[in-house]
Amino acid sequence: MYDEEIRTLTEAGRSAQEVFEHLAVADVRAACDAFAGVYEASGGSDGLVSLEVSPTLANDTDATIHEANGSGARSLAPTR
């Protein structure tokens, strides 16, 4: 499912972290699209999608906040 995209991204020089973030953002966007009707019908109380921060940041509050507010989060802004 991801093989070709991973290959393309790595051949373009992307790091493992950058590849993960690219794929994760694409998956979350697809999930948001899939659940949009549920979200709208429930007035925003259902149909939510989330993305976890890295578990390696569990003991670093500042880094967790930085990652949560980083480019990945910004790229998940509503597309409508």
Side-chain angles (χ1 to χ4, degrees):
M1 179 172 172
Y2 298 106
D3 292 349
E4 185 60 34
E5 204 164 0
I6 291 170
R7 188 175 4 272
T8 300
L9 292 166
T10 55
E11 287 173 357
R14 298 280 185 90
S15 70
Q17 183 64 32
E18 290 171 323
V19 170
F20 167 76
E21 288 175 3
H22 175 85
L23 296 173
V25 167
D27 283 352
V28 170
R29 282 183 176 264
C32 288
D33 290 342
F35 288 112
V38 174
Y39 180 81
E40 291 167 7
S42 71
S45 64
D46 200 0
L48 301 170
V49 178
S50 65
L51 180 65
E52 301 296 324
V53 297
S54 172
T56 62
L57 302 176
N59 295 316
D60 189 337
T61 302
D62 291 338
T64 299
I65 292 168
H66 178 75
E67 182 173 312
N69 291 322
S71 60
R74 286 191 299 276
S75 67
L76 296 174
T79 56
R80 296 176 196 219

Roughly how far apart are Y2 OH and H22 NE2, rounded to 0.5 Å?
-> 10.5 Å

Name all residues meeting the side chain to side chain donor-acceptor pair (under 3.5 Å) criterion together with Q17; count only those two or more places apart in sequence or in a different chain, and write none if there are none.
-> E21

Report yes or no: does D46 contribute a side-chain atom to a donor-acceptor pair with the main-chain N or O of S42 at less than 3.5 Å?
-> no

V49 and side chain to side chain contact (heavy atoms under 4.5 Å, CB included): which partner among V28, D33, D27?
-> V28

With sequence neighbours left out, write down each residue that passes side chain to side chain donor-acceptor pair (under 3.5 Å) with T10, or none if nothing qualifies.
-> none

If you measure from CG on L9 to CD1 on I6, what distance do you get to the nearest 0.5 Å?
-> 8.0 Å

CZ (R14) and CG (L23) are apart, to the nearest 0.5 Å, by 10.0 Å

Between OG on residue S15 and CZ on residue F20, distance to nearest 0.5 Å | 11.5 Å

Heavy atoms, side chains only, cut-off 4.5 Å: are E67 and L57 in contact?
-> yes

